[in-house]
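A short write-up of the structure that comes next.
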Amino acid sequence: MLDFHPFASLSLAALLAVPVAAQCDFGPRGYTFPDKVANVLSSSDVPTWLVTVDNHPNEIWGGSTRTQKDAVKLTGSAPFVPLLIGRNPYVVQETNTGKYFGLNWYGDFVPLTLNGPAAGSDIYFSQDLMCIVEGKDVHVFGYWAQRWEKLTTNNTPLVVVGRGCLNVQDGNTIWGFSMATLGKAPPAKFVAPIGPVSHIIGTGESLTRRNQQGFSIDAAQTQAVVYSAFTHAFHPVSFARTIPVFEYDKNTILMQDQPNKLLHFFSAHSGQLVTGAFPNYDSIIFNGDSAQDNGIAVHDPIAKEAVFFRGIDDGVVVKTGADVLLTDTHTNNLWLIQLAAATPGSVEFFAVSSTKRGSVFQPAGLAAGEVPLKSDANDMCAVVATDKAIYGYSAFSGKWTRATIKGTFDPTMQKMDAEDFFGYVESSTHVYAFNPREDKWSEHTKGTGFAGIPAGNEDQMVVIDETTSASVYSMESTGFRTQNFTGTRFFVGDDNLNSCFPFVYDNPTTLGTTVYWWQGYADRWVTYEMANRVTDKGQIIQLEDGMIILDGKSIHTFPGFADLSSDYSAPNDNNAYQAIPLSSPKFVANGRPGATVVLLIGLNRVDVSVPGWKCNLLIDPNLMVIQPMGTYGADGTLRFQFTVPQGTNPGVVRMQMASDLSGALELGRLLNLELF
């Protein structure tokens, strides 16, 4: 396990003295099988895939676009059957036997052998974990697991699933499994002092978006215990009367205690309960979904207060003078409200972040008389367009960034959108993208072939189609990236993708297919040639973080991630912004087998070429740590993890792999790990 030490300052000369390199060409690749591919089993939500082949009924191949290593083959005494396809870990069973294999995100099949096949009622799936119950034994598997975890109970176990966690009730004992700690820490344990135990929230929601579960633990219903997947612990909370009404989302619980005029705020990040008295309780407006991923928002119109709970640090912040909310949008990581300004006829927008420690309501800074035309907010980003300017708010930094706009913005004619990790505004002449991580607006002039924005619901990027070219701005970008096309367009991606995007063209010269692939986490376009022409759009299988193209005896896989990725960098929408102190991110890197590897860790981003190195240095060497990592394995992967120390300052940690194989020096792509 790695330990983060204070960043040491290294000169570029010192860095050049170290043999370095990594897989900067990591991208699409093809796999060929012994016969025609019969079926590709995949889910749009995960990067793993399964392949069955004609005339090989007892064989199945598996892989992952996270590592792009060689496909792994299973050979059994009977055909293999996937247990479930969805936003869940892949598990296959050898038909009518007790042999099971979990396919993890490294592209490994992890075996489990039971005494016989499990009944369907003994198999449980959450979004990120699953388990099989055999008698009093519970076997748990997760995406990043390298083994099955076994728990033996004293009684017949009852399993309750969430998103990042899975709980097992054993009489008056409750066990907790966390996606973040599976395989490196035993399950958390809580013994109820008084019984019986009864579930309050999370029961039976196999496809929830919850990261914690709640249980009552006494007959009087005055105490609950909540399991947090972040702290990997149970947190008891007590009440003077019966347990109040719960409203909850991924990482927060709002407990409405109307008889006592109290509101209780709970965060899974800390496991703490914060209680506030609300004398005007009966007039409180709960704004629909008051409890969101990382924050809780309520409005007291009598006290003229907007009250916001920050789940990241248990802070409660109040905006006074908020007698009327003209509009408001409470998203997973921020609350955007519009109020009347002090100047008659004027308005102002305020935003507060639930994932920026110490965040308070910040005004956008609209000028007197400035007219709002449209606003939107989602996850880490809010955007506002007025008749004078555009404004972007970042839940990463808690800041607003203003930019002037060229051309005109007509909300009935041009698009505007805030998504998980970026925002954009289209004017009559330009497209503007806002990067909340960098607090930066970038602009792109519409070309003569501007054909619109074909996919407006990507969580991490905006795609501008200009007929013979396309330009993309994504959450890892510092500017728009443009790719020119040749040939005849056959296919363009849809809004099912997040970290990647394809344009597929017939190649008139080779009579094959050219795939122009936007690899979001590598911040680049990749061009990939297929000898055979794709003639059926059914051959193209889009994943949230990748794509697969079926090609006779072959498949071609296209990753959204570069050579280095983490369990805290997707699925986007949940983990990408939740690496916090005492969490332990797991990483996987891909490179050339046997290459000597170092990890470059820094704070500031650059993009410079260095003589003798293939690909560019992307981390400022003046503030960098170089951590020896050993060598890439025979399968071309390297796996490691570290624990984020308590007291670590929030912000972006830049990471780049580097390795040396027989004097060939290469650098990998950048991974931005956000710490909160």
Testing the basics here: between [X] and [Y], what is the closest heavy-atom pair and its distance to 0.1 Å?
| X | Y | result |
| --- | --- | --- |
| Tyr473 | Ser477 | OH-O, 3.3 Å |
| Ala233 | Ala188 | CA-CB, 4.2 Å |
| Leu50 | Gly62 | CD2-CA, 4.2 Å |
| Asn333 | Ala395 | O-CB, 3.6 Å |
| Phe491 | Pro502 | CE2-CG, 4.2 Å |
| Ser442 | Gly479 | OG-CA, 4.2 Å |

Applying salt bridge (Lys or Arg N to Asp or Glu O under 4.0 Å), name anything that partners Asp551, two or more places apart in sequence or on another chain.
-> none
Do Arg639's NZ or CZ and the ring of Tyr106 fall within the cation-pi criteria of under 6.0 Å and 45°?
-> yes
Measure the acute angle between the ring planes of [X] and [Y], then classify it against the limits of 30° and 60° as parallel, tilted or perpendicular.
| X | Y | answer |
| --- | --- | --- |
| Phe480 | His444 | tilted |
| Phe485 | Trp525 | perpendicular |
| His556 | Tyr528 | perpendicular |
| Phe558 | Trp517 | tilted |

Checking side-chain hydrogen bond (donor to acceptor under 3.5 Å, both in side chains) for the pair Ser64/Thr48: CA distance, chi angles, key distance, verdict?
-> CA-CA 4 Å; Ser64 171; Thr48 49; over 6 Å; no
Do any N or O atoms from the side chain of [X] and from the backbone of [Y] form a donor-acceptor pair under 3.5 angstrom?
| X | Y | result |
| --- | --- | --- |
| Ser394 | Pro436 | yes |
| Ser228 | Ala268 | yes |
| Glu149 | Pro186 | no |
| Asn435 | Lys440 | no |
| Lys184 | Gln641 | no |
| Gln656 | Gly668 | yes |
| Gln539 | Val534 | no |

After noting the C-alpha distance and the side-chain angles of Asp660 and Thr596, does the key distance pass the side-chain hydrogen bond (donor to acceptor under 3.5 Å, both in side chains) rule?
-> CA-CA 5 Å; Asp660 172 35; Thr596 302; 5.7 Å; no
In sequence, state the C-alpha distance, the side-chain angles, and the governing distance for Gln146 and Asp108, and then conclude on side-chain hydrogen bond (donor to acceptor under 3.5 Å, both in side chains).
-> CA-CA 8 Å; Gln146 299 184 65; Asp108 305 328; over 6 Å; no
So, Trp49 versus Tyr31, ring centres under 6.0 angstrom or not?
-> yes
Would you please indicate if the ring centroids of Phe26 and Phe561 are separated by under 6.0 Å?
-> no
Is a salt bridge present between Asp563 and Arg592, judged by a nitrogen-to-oxygen distance below 4.0 Å?
-> no
Run the salt-bridge test on Arg66 and Asp567 with the 4.0 Å N-O cut-off and return the result as yes or no.
-> no
Would you mind reporting whether [Y] and [X] have side-chain heavy atoms less than 4.5 Å apart?
| X | Y | answer |
| --- | --- | --- |
| Asn672 | Arg605 | yes |
| Val652 | Phe396 | no |
| Leu670 | Arg654 | yes |
| Gln646 | Pro581 | yes |
| Val46 | Tyr143 | yes |
| Met475 | Tyr521 | yes |
| Met655 | Leu599 | yes |
| Trp518 | Val463 | no |

Rounded to the nearest 0.5 Å, what separates atom [atom1] in [X] from atom [atom2] in [Y]?
| X | Y | atom1 | atom2 | value |
| --- | --- | --- | --- | --- |
| Asp459 | Ser499 | CG | OG | 10.0 Å |
| Ser397 | Arg437 | OG | CZ | 12.0 Å |
| Leu618 | Leu600 | CG | CG | 9.5 Å |
| Leu623 | Leu603 | CG | CG | 5.0 Å |

Lys69 atom NZ, over 12 foreign heavy atoms within 6.0 Å = yes
Any side-chain donor near an acceptor of the partner, Thr478 and Glu438, under 3.5 Å | no
Do Thr355 and Asn294 have side-chain N/O donor and acceptor atoms under 3.5 Å apart?
-> no
Walk me through it: do Ser469 and Tyr516 pass the test side-chain hydrogen bond (donor to acceptor under 3.5 Å, both in side chains)?
-> CA-CA 10 Å; Ser469 67; Tyr516 299 97; over 6 Å; no
